[in-house]
Structures are given as structure tokens and as C-alpha cells.
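Everything below concerns the one structure shown next.
First the proteins, then the strands, lettered A, B, ... as listed; each starts at 1. What's counted below: heavy atoms across the whole structure, side chains too, no hydrogens, waters or symmetry copies.
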Amino acid sequence: HDQYMELINGYVERKQPADAELVLDEMEDDGALPRAVCLNAVLNGWCEAGRMDEALGVLERMKTLGCQPIASTYNTLIKGLGKAGRLADTTVLLKAMLASDNAKVRPNLRTFNTLINGWCEVGKVDEARRVLGMMRGSGIDPDVVSYNTLIKAYGKAGQLERAESIVTEMENAYLRPNERTYGVLVKSYCEHGKMMEAMDLIDWMRTKGVAPNVTIYNTIIQGFVQKRQMISAKRVLEKMEGGGVQPDVASFSTLMNGWAVAGDAEEARKVLEGMKEAGIAPDVEAYSVLAKAYSRSARCEDAEVLLAEMTEQTLEPNVVTYTTILSCYCSRGQMEAAMRLFRGMDEVGVPPNGYTYRTLVWGFSEAKEPWKTEEILSHMEASGQLPD
RNA sequence: AACUCAUGAAGCCUUG
């Protein structure tokens, strides 16, 4: 039983839901009735892979095995269907849940919130609001998450005044906006370049008794970075330090990324050093950003040196790190160097992905040697890689 | 144990 579970979890983690499902077959053959945990795990695996028909198949399997799907099972499916753009198919599930007289099956807060999020993701906020009404009708009051999700949707759509009005709406429902509520709002303003408003929210949330956290500040840093306002971005970093909020690795990475995009490797490097001085250890992402900074200034060798620097700190460069450096060589037309790195990836056990392949193909075509993509294509086939 | 909301990395082929 436990061994089966471990097997299943292993396959699911490795994103091989088909193999996980095979374990279920084995269990049945061995006369061990798959428990709900196992079935849920497999179902989850299919959902994460976006294979919703298979996931729904597991639901049927549960029923035939006499295993009662509970609300969380349905929730997983609803989320998956939403991500697959099949929200319409959730109505059947919701009906089944509502029809149940088992409290464990009936839709819960998460069910509705997942639905709300699904509709919001496809920009159908009106549908999302309908779900709000529906949940009240079934005796479940919307919570902070429900409202945060709505705020996010309006924010994304650029309807910032509507977003703000949802905040008052939730307050009227005796719900206190939390860190995330303000986080979503700040993000929305940043996305639309309204940095003044975003900054003002920091003070506003304080007056509301919610202390701005590191994520809020990081979001604002990112906002300035996207507007290419590096001085302001840096000021936010200093402001947070002054405000008693410790910048984290993401704060510095975000700032560094701004310099990377600007092609200023020296400034990027300074940020990395500053981060170390602040006692924060750069992680793989941080180094990848620095690699990008060197790449954008065509300093491929400096970028490549980072691989060793990372290893010294027992950090393992990943596919993004490699692809970044590789693209540098590609853009310089040095395809031998790019291929050297590409082959090196296999040796260190970092399998290339679609981005890597595309970068190389692009590089060869730029270098006017399209026939050399042969090795890459065969490598792709051998590893069973298909463009994601 | 798995299910809902905010922050950082790869020249990206639904945005000019």
C-alpha cells in the first residue's frame, strides 16, 4: 500500500501521470484496492499535465471502485479544467457536488474560490461575480481570497477604480483586507505604470493596520524596473531597508534584472556584490540574471565563468542559466562555443528543453549554417522532447 | 497527503 503510494508520487513528481496510472492497474491486479489517496494523486498528476480527459477518467474509476470522490477531488478537477480552458465543463461537476447529501462532497469555500479564479483568469469577471452569489446561496460566505481574486481580475483589466471598490465592498462585508489584498492592488497599479499610486498604497495599508511586507516592496521594485526607472527602483530597496523590512534575494534579483535588461553588466554585478554584503546568498536565479546581464553586453566568457562561481557555492546551474549563456554565443555567431555548452549540459545532468533547442536552431540559422541543426534535432528526438 | 489569491531569471512567433 505505502510502496504503491511512493511509486505513484514518484511518477507524479516526475510528471509521468501515465506511469502513475499503470501503478493503479497493478494494484488492482494484485488485489489491492487503490485507496482514495492514490487515486487522488494520479488524478492530480493528469490535471497538472493538462490532460483533463484522463483526469476525468480517474474520477470515473474512483466511482466504479466504490471510492467516494470528495470536495477536494472535485476542486482539483475544477482547477484543471479552468487551466485547460474548459470552464464550461465544470458545471456538471458542480451540479454533482451540490446534489450530494454528503457534507464532504458538497462544494466548499475552496471550490467556489477556485471557480472564481477560473473565470477571472479568462477575463470573465461577471461570471466570477455570479459565483459569488451562488456561494452565498449555498450558505458559504465569500472570504478574503474570493475578493482578492476579483480585485486581481479588475486590476489586470486595468479597471483600477473597480478594483478599489471591491476593497470597500469586502470591508462592508466585515472582511479585513490582508497583505495579499494590497499586494494584488500594488501589482495592478505597477502593471499599468501607475507607480505613484502603487507607492501611496504602502502608506495607505499601514494606516489600515497592515504592514507592507517584502513582496509588496519587491513588486514595486519590479514596477520601476519595467519602466526602466532604475534610480527609483534602487530607492525603493533603500526605503524598505529603512522601513525595517529586510530585502530578500528576490529584491536584489529584480533590481539586478533591470540592469541586465539595460545591458549594464557592471551595475548588475554591483547589485550582486551588494546582496552578498547584505548577508544574502545569491541563488540560481540571481546568478542567471547576472548571466543575462553579461549576455546582453555580449560578454559570454564572463557569463560562462559564473557557472564555476556557482558551483563553488554549491549552486547548481539549471537549464535557464545554461540557455542564457548559450544564447549569448549564438547571438555572437559562435556556434562551436554554443554547442560545447550544449553538450556540457548532458554531462552535468541538466537536460535541455524547448527554449534551449529553439535558441540553438535560431543561432544556426543566423550563422547561415542551418544544416548543422541536425545534431540538435536528433538530440531532441532521442530525449523525447517536443516543443512545449 | 493533494485543491483557491500578490514579488525575481532564458530572444517571445495571439501584443508594434
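- A straight line from CG of Leu160(A) to C1' of rA6(B) spans 15 Å, rounded to a whole angstrom.
- Val184(A) comes within 4.0 angstrom of the backbone, heavy atoms only, and of no base.
- Glu191(A) CD to Lys187(A) NZ: the interatomic distance, rounded to the nearest 0.5 Å, is 4.0 Å.
- No side-chain N or O of Asp200(A) forms a donor-acceptor pair with one of Tyr189(A) less than 3.5 Å apart.
- Between the P atom of rA1(B) and the CG atom of Asp2(A) lies a distance of 13 Å, rounded to the nearest Å.
- Using a 4.0 Å heavy-atom distance criterion, Val289(A) is classed as a sugar-phosphate-only contact.
- The residue Val186(A) sits apart from the nucleic acid: no heavy atom pair falls under 4.0 Å.
- Contact annotation for Arg296(A): backbone-only contact, meaning every heavy-atom pair under 4.0 Å involves sugar-phosphate atoms and none involves a base.
- In this structure, of rA6(B), rC3(B), rC12(B), it is rC3(B) that holds the atom nearest to the side chain of Thr76(A).
- Within a 6.0 Å sphere centred on CZ of Arg61(A), heavy atoms belonging to other residues, nucleotides or ligands number more than 12.
- Side-chain atoms of Ser251(A) and Asp248(A) form a donor-acceptor pair, as typed in the model, at a separation below 3.5 Å.
- A donor and an acceptor atom never sit less than 3.5 Å apart when one is taken from the side chain of Asn218(A) and the other from the base of rA6(B).
- To the nearest whole angstrom, the two C1' atoms, one in rG11(B) and one in rU7(B), are 24 Å apart.
- For Asp143(A) and Ser146(A), the side-chain atoms include at least one donor-acceptor pair closer than 3.5 Å.
- Distances from the side chain of Asn148(A) to the nucleotides rC12(B), rC5(B), rU4(B) place rC5(B) closest.
- Residue Asn318(A) places a side-chain atom within donor-acceptor reach of the base of rA9(B), judged by atom type and a 3.5 Å distance cut-off alone.
- Here Lys79(A) reaches the OP1 or OP2 of rU4(B): one of its side-chain N or O atoms lies under 4.0 Å away.
- Straight-line distance from the CG atom of Leu39(A) to the P atom of rA2(B): 17 Å, rounded to whole Å.
- Here the P atom of nucleotide rA10(B) and the OH atom of Tyr287(A) are 18 Å apart, to the nearest Å.
- The residue Thr114(A) sits close only to the backbone: its heavy atoms come under 4.0 Å of sugar-phosphate atoms, none of a base.
- The side chain of Glu285(A) lies closest to rG8(B), out of rG8(B), rA10(B), rC5(B).
- As judged by a 4.0 angstrom heavy-atom cut-off over every strand, Ala260(A) is placed among residues making no nucleic acid contact.
- Protein atom NE2 of His192(A) is 18 Å distant from nucleotide atom P of rU15(B), rounded to whole Å.
- For the atom pair Thr359(A) OG1 and Phe364(A) CZ, the distance stands at 12.0 Å (nearest 0.5 Å).
- Residue-level contact check: Asn40(A) touches the bases, meaning some heavy atom is under 4.0 Å from a base atom.
- No contact: Asn108(A) has no heavy atom under 4.0 Å from any strand.
- Judged by distance alone, the side chains of Thr111(A) and Asn108(A) do bring a donor and an acceptor atom under 3.5 Å apart.
- The side chain of Lys292(A) contributes an N or O atom lying less than 4.0 Å from OP1 or OP2 of rA10(B).
- Rounded to an integer number of Å, the gap from CG of Asn257(A) to C1' of rG11(B) is 14 Å.
- Counting any heavy atom pair closer than 4.0 Å across all strands shown, Asn9(A) reaches no nucleic acid atom.
- The distance between atom CE of Met240(A) and atom C1' of rU7(B), rounded to the nearest whole Å, is 10 Å.
- Between the side chain of Asn117(A) and the base of rU4(B), no donor-acceptor pair of N or O atoms lies under 3.5 Å.
- Donor-acceptor pairing under 3.5 Å, judged by distance alone, is absent between the side chain of Ser253(A) and the base of rA9(B).
- Taking only side-chain atoms of Lys187(A), from C-beta outward, the nucleotide of rU4(B), rC12(B), rU7(B) with the closest atom is rU7(B).
- Contacts of Thr323(A) with the nucleic acid, taken as non-hydrogen atoms under 4.0 Å apart, include base atoms.
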task = Begin from the C-alpha positions of Glu21(A) and Arg51(A) and carry the test salt bridge (Lys or Arg N to Asp or Glu O under 4.0 Å) through to its verdict.
result = CA-CA 13 Å; Glu21(A) 179 118 30; Arg51(A) 305 273 295 268; over 6 Å; no

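- The nearest whole Å value for the distance from the CD1 atom in Ile221(A) to the P atom in rA6(B) is 19 Å.
- Rounded to whole Å, the C1' atom of rG16(B) lies 14 Å from the corresponding atom of rC12(B).
- Of the side-chain N and O atoms in Arg358(A), none sit less than 4.0 angstrom from OP1 or OP2 of rA10(B).
- OP1 and OP2 of rC5(B) both lie 4.0 Å or more from every side-chain N or O belonging to Lys152(A).
- Residue contacts shown for Ser72(A) include a base, since a base heavy atom lies under 4.0 Å away.
- Closest to the side chain of Asn213(A), from the set rA10(B), rA6(B), rA2(B), is rA6(B).
- Between the side chain of Asp283(A) and the base of rG8(B), a donor-acceptor pair under 3.5 Å is found.
- At rG11(B), one or more side-chain N or O atoms of Ser327(A) fall inside 4.0 Å of OP1 or OP2 (strictly under the cut-off).
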